[in-house]
Protein chains: 2
Amino acid sequence: MNKKVSLKDIAEQLGVSTALVSYVLNNKERKARVGDETVRKIRQLAASLDYQPNIIARSLQSGKTNTIGVIVADISNPFFSSIARIIEDEAMKRDYVVFFSSSDEDADKSKQLIDMFIHRGVDALIIAPSENTEKQIRRLIKQRFPLVLIDRYFPGSDYVVIDNFQASYNATNHLIQAGRNRIAMMAYDTGMEHMKERIRGYRTALKDNNIRFDDSWLITVSYQDLARHVRKAIKNITTPTLGVDGFIFATNSLAVLSLKVLISSGIRIPTHLAVVSFDESDAFDLFYPPVSYVRQSLYDIGKSAVDLALRRIKGESKGPQQIVIDARLVVRESSIMPPPLSNSPHYNV
Amino acid sequence: MNKKVSLKDIAEQLGVSTALVSYVLNNKERKARVGDETVRKIRQLAASLDYQPNIIARSLQSGKTNTIGVIVADISNPFFSSIARIIEDEAMKRDYVVFFSSSDEDADKSKQLIDMFIHRGVDALIIAPSENTEKQIRRLIKQRFPLVLIDRYFPGSDYVVIDNFQASYNATNHLIQAGRNRIAMMAYDTGMEHMKERIRGYRTALKDNNIRFDDSWLITVSYQDLARHVRKAIKNITTPTLGVDGFIFATNSLAVLSLKVLISSGIRIPTHLAVVSFDESDAFDLFYPPVSYVRQSLYDIGKSAVDLALRRIKGESKGPQQIVIDARLVVRESSIMPPPLSNSPHYNV
DNA sequence: TTGAAAGCGCTAACAC
DNA sequence: GTGTTAGCGCTTTCAA
């Protein structure tokens with residue numbers, strides 16, 4: 001690595017002070033009333049030396065890093081990586097750069113990541129918070145650290161979410177309208193509000209349709225050792241005796257894992273079991289029949305989160321800012337009976 | 001934000017110099033021969049003040065940021081986001097943190113990102129390089145900037161890749177053994193070595209099996225406006241007259257897009273068309289029939305990339321380090337004829 | 001118009 | 001054993 005040129009190099013070569021160079025290169029020559037000729041010389045030398053400011057030094061001085069930390073449950077989950085992509089683009093447009101990290105829904109890891117990012121001097125955090133992280137989050141809020149929650153939330157914070165109750169209610173209602181009345185839901189075993197709301201929406205829809213909820217219908221699985229839990233749960237719930245005829249999955253990962261199990265268990269979708277999931281996935285499109293899902297605008301989530309974060313950084317927003325973005329049910333063949341005699345064209349039968 | 005405590009604060013309160021505090025808090029009290037009592041006092045006050053070192057200041061001083069920049073084509077592509085997750089974990093273990101960004105296979109954007117990361121002082125870069133970025137990459141290598149390429153490569157650099165020729169050869173050979181002899185390939189229209197190798201493997205396998213290659217079988221699509229290109233290409237190649245009976249997709253995104261088109265076109269897989277893809281995807285598992293694919297160990301890619309990068313940072317490795325990781329063909333039903341009378345159990349027919 | 005200098009927080013070479 | 005000090009590269013106040 002050849003040594004980088006610094007302000008001082010330019011100043012010395014020109015026989016001026018570093019202050020002048022700094023002013024000019026930050027386009028503050030008007031404010032500092034630098035002489036035209038000096039401005040010209042500095043500009044020219046800087047260009048010919050390909051001067052690049054040292055961002056670290058600037059950060060040390062300013063206390064700002066133009067950096068945003070993003071913490072999601074798992075960046076390899078397409079739902080989060082898609083949001084990450086939007087956040088990346090939006091941040092870049094505004095000259096911010098992004099650290100990504102995964103909490104694995106683990107409160108300890110979350111705390112560690114938050115601390116690490118703060119020590120690194122990120123200007124803001126965008127977090128999909130996990131269970132038992134409320135204290136960490138509250139601490140940040142109290143310190144007035146710029147923070148936006150996504151996907152999940154705690155009351156009183158800045159956040160961007162969907163109306164989970166309504167979305168879940170609609171999904172359940174849709175299954176009922178489609179003729180199902182023994183509808184199960186698989187959700188994460190967590191006290192997080194968004195999950196509880198999804199469950200509440202489901203149960204309320206059942207009730208409003210006079211369907212008596214059966215305890216065995218609500219399956220909650222824990223994030224740890226997920227695949228095994230899902231496998232067991234699906235085996236249980238799909239026995240003929242318990243036999244449910246509709247299923248709502250509270251996240252894409254639950255749906256993907258469950259569908260893999262269902263595939264090998266002889267259950268026909270939607271004939272035996274109508275299916276709706278939250279989130280989206282390529283897998284939902286390629287699965288046959290295509291899976292109905294609750295679509296959240298990932299673009300809106302990412303864009304709004306960055307907007308809010310930057311406004312917080314600039315100190316523009318006052319009270320808690322809470323953004324509820326649209327969620328809409330995309331109905332496809334996994335949740336409605338096919339027309340009689342329909343042939344799925346591309347499968348050998 | 002309450003003001004952070006600095007070395008100086010501690011030094012002043014204790015009436016010692018910042019140097020001592022620095023030594024102690026960096027566990028260099030032995031080397032600097034600091035008195036036991038002083039050590040104790042410093043440790044205690046630091047703890048009670050919850051002192052956190054300012055990483056920015058340390059970086060300015062050391063010229064190191066403990067930061068790695070990662071540039072992939074698109075972080076929302078599960079292939080890359082899965083690698084990203086591994087990189088994140090491995091980096092974190094070694095106390096590095098990661099910036100992710102997406103080049104969109106665009107050379108200009110790539111250059112911009114590389115420059116930005118360098119200005120930000122990342123200690124190393126891990127890049128899945130795009131077409132026409134060779135000059136940028138060569139420049140970094142010449143400057144001896146720690147750099148590791150993944151997935152794609154230029155000769156003479158540090159990289160982690162699979163044997164693309166062999167993997168493609170095997171995949172093609174597999175289709176031929178499975179009784180296909182009009183085999184198409186869809187690849188990206190790029191001069192990048194990894195793509196050319198995949199194409200070469202395909203063509204060589206045809207040749208070795210005495211199958212005369214037909215120009216129309218090789219479909220190259222450009223990354224821009226991909227969906228449209230794929231749609232058109234699939235429509236063309238699957239007309240009865242041209243009718244191919246096997247298909248190799250050079251990446252997961254090509255396969256996913258193509259399968260979506262195939263689904264709606266009445267083509268039966270594998271009866272009419274046997275399919276193999278590179279990379280992996282949840283969608284390949286949920287598709288029926290499950291898609292055969294060339295599996296690369298994403299773990300090995302990410303882990304090796306971080307290892308190489310850190311060794312470069314530490315100046316441990318000399319000549320170009322090139323790691324070829326295993327790729328293995330996972331054969332599933334999309335590429336082999338089902339047993340007679342087989343019934344796909346879970347689909348209504 | 002311009003320059004000197006302080007200081008962001010930390011490290012390390014060099015005295016004492 | 002302990003302390004001083006000179007920077008790392010930049011911004012910005014204040015004086016000239």
Please give, in whole Å, the distance from [N] [atom2] to [X] [atom1]?
X        : N      : atom1 : atom2 : value
B:Gln61  : D:dT5  : CD    : P     : 17 Å
A:Lys8   : C:dA6  : NZ    : C1'   : 15 Å
A:Arg120 : C:dG9  : CZ    : C1'   : 16 Å
A:Leu60  : C:dC10 : CG    : P     : 9 Å
A:Gln52  : D:dC10 : CD    : C1'   : 15 Å
B:Leu7   : D:dC8  : CG    : P     : 19 Å
B:Glu37  : D:dG3  : CD    : P     : 13 Å
A:Ile56  : D:dT11 : CD1   : P     : 13 Å

What's [X] touching, base or sugar-phosphate or nothing? Going by heavy atoms closer than 4.0 Å.
X       : result
A:Gly15 : sugar-phosphate
A:Lys28 : sugar-phosphate
A:Thr38 : sugar-phosphate
B:Lys64 : nothing

Q: Measure the acute angle between the ring planes of B:Phe117 and B:Phe99, then classify it against the limits of 30° and 60° as parallel, tilted or perpendicular.
A: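 Taking B:Phe99 first and then B:Phe117, their aromatic rings lie parallel (interplane angle under 30°).
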Looking only at side-chain atoms of [X], point me to the closest of [options].
X       : options                : answer
A:Ser17 : C:dA4, C:dG9, C:dA12   : C:dA4
A:Tyr23 : D:dC10, C:dA12, D:dT12 : D:dT12
A:Thr18 : D:dT11, D:dC10, C:dG9  : D:dT11

Using OP1 and OP2 only, check whether a side-chain N or O of [X] sits under 4.0 Å from [N].
X       : N      : answer
B:Arg58 : C:dG9  : no
A:Ser22 : D:dT11 : yes
A:Asn26 : D:dT11 : yes

I'd like to know if [X] and [Y] make a salt bridge, using a cut-off of under 4.0 Å between side-chain N and carboxylate O.
X        : Y        : result
A:Asp115 : A:Lys111 : yes
A:Asp89  : A:Lys93  : no
B:Asp123 : B:Lys314 : no

Q) Taking for each residue the nucleotide of DNA chain D with the nearest heavy atom, is it B:Leu20 or B:Ser62 whose nucleotide lies nearer the 5' end? A)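 Upstream on the strand: B:Leu20.
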(Q) Just to verify, which of A:Ile126, A:Val306, A:Val148, A:Ile127 counts as forming a side chain to side chain contact (heavy atoms under 4.5 Å, CB included) with A:Val70? (A)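 Of all the options given, the one that passes is A:Ile126.
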